[in-house]
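Report on the following structure.
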Amino acid sequence: MKKKIEEKKWRDILSEINENVTDVSYRTWFAPLVPLEVDEDAKVFYVASSNDFAIGILKTRYISIFEQAVESVFRKKYKVVIKEKTEEEIENFLKGSSGKHTQIEEKKETEEEFREEYFLNPKYNFDNFVVGSNNNYAHAVALAVAESPAVVYNPLFIYGGSGLGKTHLMHAIGHYILEHNPSSKVLYVSSEMFTSELIKAIQDKKNYNSKMRAFKKKYRNVDVLLIDDIQFIEGKESTQAEFFHTFNALYEFEKQIVISSDRHPSKLTDLDERLRSRFQWNIIADIQPPDFETRVAILRNKAKQENVDVEDDDMLEVIDLIAEKVKFNIRELESALTRIISYSRIFNERITVKFARKNLNDIFSTSDFNITCETIKKTVCKKYNIKISDIESAKRKREFSHPRQIAMYLCRELTDSSLPKIGEYFGGRDHTTVLHAYEKISAELKTNSLMAEEIRRIKDDIQ
Ligand SMILES: Nc1ncnc2c1ncn2[C@@H]1O[C@H](COP(=O)(O)OP(=O)(O)OP(=O)(O)O)[C@@H](O)[C@H]1O
């Protein structure tokens, strides 16, 4: 008989696994899995993944840890089968089942482990929030609110695209307040959770009054309410009405309210006008996608947390490469880095640009793999406004030799061509000339940020 896997059981299995593998492996391989069903007769435990690479790794390296975890939770032996499904199939499956299993790791953290800690994730604090021009205003007002809740900026409304640090900042505010005033009541909640608790209270017809009382008490008896992703209550009338009363009660008693959203309040068009205007009563701070330098700083920070040597030249190059490629979502930026760290540990290989290109094929488009010396030559000539025949010639004037060296450097970096082969592309030069050009440009890049910017632009044009 096939049965659905209970969410509680799945969480127990995951936490058992979590204890037996490193954090980064856990997040990379196990956290994204979706539990499908368990066949009691055949003793098979089915899970799904849309990532065939991850399936391969799980099957070859982790299956016994996985099976042991299942055995310890079910107290019976099961064979674990990992099925490959498309993302669409997985989404449909999740829609059909009650829980959002893919978010188990996050839920576990927020709903269970941190229940006593007012739902705050200890990883999100001000100390490890990297400040750049994209978020310095939001960071400054968040800190000001944390230092003097309900005094300076109330309500505080933070908005920005997905994965840009809104939740991180909200949790940082919560931690800071609790650290300086441990008796404060800080409540962090996602609007989704607020809505689902409200629905549960409303649906419980027998205990409606006591449930609603408990609900109101929970949300109105706090000193600080941090409510995330408010856009979720758009179009939900009862939730909006309840939140309106919660907001008023807290505001009247001078309690701090911090709201986050993926959009500016004026763009929340399916929201009650009264709420929309309240959200604009005080400070509105936006978070924009980080610039290149901030992306690099975030990645270096993260690499340090993962105990990786960030002074290593190859690692620095890989960090630059990831920062060049992933521009709009810090969650994805960090995930690319943690994946490559995890792969390097699994395959026991050094992290180099080549290794990163090979293993992060989701962030490098197929065109990255089809870069040829011809394309590089053409792009460089166009950029410096010289002819192909000039770059291939023996002319030694800087206007020709500089682009030539840059093109050779890029051929070595972006293609698999050997040094002699690259030499051939540039008018039949010797491989030592190519090596010299490569080393010269590499050395200059370390000290000359203008040149680094110049090369980054050319790479953007090539890819
Ligand atoms: N400035 C930053 N410095 C360091 N880490 C950051 C920064 N901004 C975001 N992050 C990290 O990026 C990840 C995503 O951030 P977070 O969950 O806060 O985004 P969000 O804006 O709330 O996204 P969503 O709208 O999808 O919920 C987290 O791991 C967070 O720690």
Side-chain angles (χ1 to χ4, degrees), residues 23-24 26-28 31-32 100 102-111 114 119-143 145-146 156-176 188-195 226-234 258-265 267-268 284-306 308 310 319 322-323 325-339 341-342 363:
D23 260 7
V24 63
Y26 172 76
R27 281 200 301 275
T28 314
K100 277 170 90 182
T102 39
Q103 293 189 356
I104 274 171
E105 186 189 28
E106 229 170 76
K107 289 226 153 157
K108 183 181 73 180
E109 284 184 347
T110 51
E111 286 184 8
F114 306 117
F119 295 80
L120 296 179
N121 184 336
K123 287 185 216 147
Y124 296 165
N125 51 49
F126 280 121
D127 290 339
N128 60 14
F129 187 84
V130 177
V131 184
S133 55
N134 62 311
N135 59 19
N136 55 0
Y137 181 61
H139 173 263
V141 289
L143 189 60
V145 161
L156 165 61
F157 192 98
I158 303 172
Y159 77 94
S162 178
L164 292 183
K166 302 180 295 292
T167 306
H168 189 134
L169 268 187
M170 291 183 121
H171 285 221
I173 295 175
H175 284 306
Y176 191 98
Y188 165 84
V189 67
S190 67
S191 307
E192 202 173 351
M193 213 185 287
F194 181 88
T195 307
L226 307 160
I227 182 147
D228 211 350
D229 289 325
I230 202 73
Q231 74 277 358
F232 184 81
I233 70 169
E234 265 192 305
V258 181
I259 306 147
S260 88
S261 162
D262 66 350
R263 270 159 284 157
H264 188 278
K267 300 256 167 65
L268 295 168
I284 300 176
D286 68 325
I287 306 187
Q288 294 295 327
D291 57 20
F292 177 75
E293 286 74 17
T294 311
R295 298 200 295 278
V296 169
I298 290 172
L299 289 172
R300 287 193 190 174
N301 235 19
K302 185 81 189 163
K304 268 193 215 146
Q305 285 166 23
E306 301 283 351
V308 168
V310 287
I319 284 181
I322 296 176
K325 280 287 163 188
V326 188
K327 297 183 175 154
F328 301 108
N329 186 324
I330 297 174
R331 192 176 296 116
E332 285 169 14
L333 188 72
E334 289 186 339
S335 136
L337 181 74
T338 46
R339 269 186 295 146
I341 294 172
S342 155
I363 66 169

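In what follows, every heavy atom counts, from backbone to side chain, and hydrogens, waters and symmetry copies are set aside. One-based numbering, in listed order, for ligands and for the atoms of each.
Backbone and side-chain nitrogen or oxygen atoms of Val131 are examined, and none is located within less than 3.5 angstrom of a nitrogen or oxygen of ligand 1. Ligand 1 has a nitrogen or oxygen under 3.5 angstrom from a nitrogen or oxygen of Leu164. By the 3.5 Å distance cut-off applied to N or O atoms, Ile298 is not counted among the residues near ligand 1.
If you check which protein heavy atom lies closest to atom 12 (O) of ligand 1, you get Ile330 CG2, 3.2 Å. Atom 25 (O) of ligand 1 has its closest protein heavy atom at Lys166 NZ, 2.9 Å. Scanning the protein for heavy atoms near atom 17 (O) of ligand 1, the closest one is Arg331 NH2, 3.1 Å. Distance from atom 4 (C) of ligand 1 to its nearest protein heavy atom, with residue and atom name: Asn128 O, 3.3 Å. In terms of protein heavy atoms, atom 26 (O) of ligand 1 is closest to Ser162 OG, 2.8 Å. If you check which protein heavy atom lies closest to atom 5 (N) of ligand 1, you get Glu334 OE2, 3.7 Å. Taking atom 1 (N) of ligand 1 as the reference point, the nearest protein heavy-atom neighbour is Val130 O, 2.8 Å.
Residue contacts with ligand 1, taken as heavy atom pairs separated by less than 4.0 Å, do not involve Leu169 at all.
The heavy-atom pair separating Arg300 from Val310 by the smallest distance is O-CG1, 3.7 Å.
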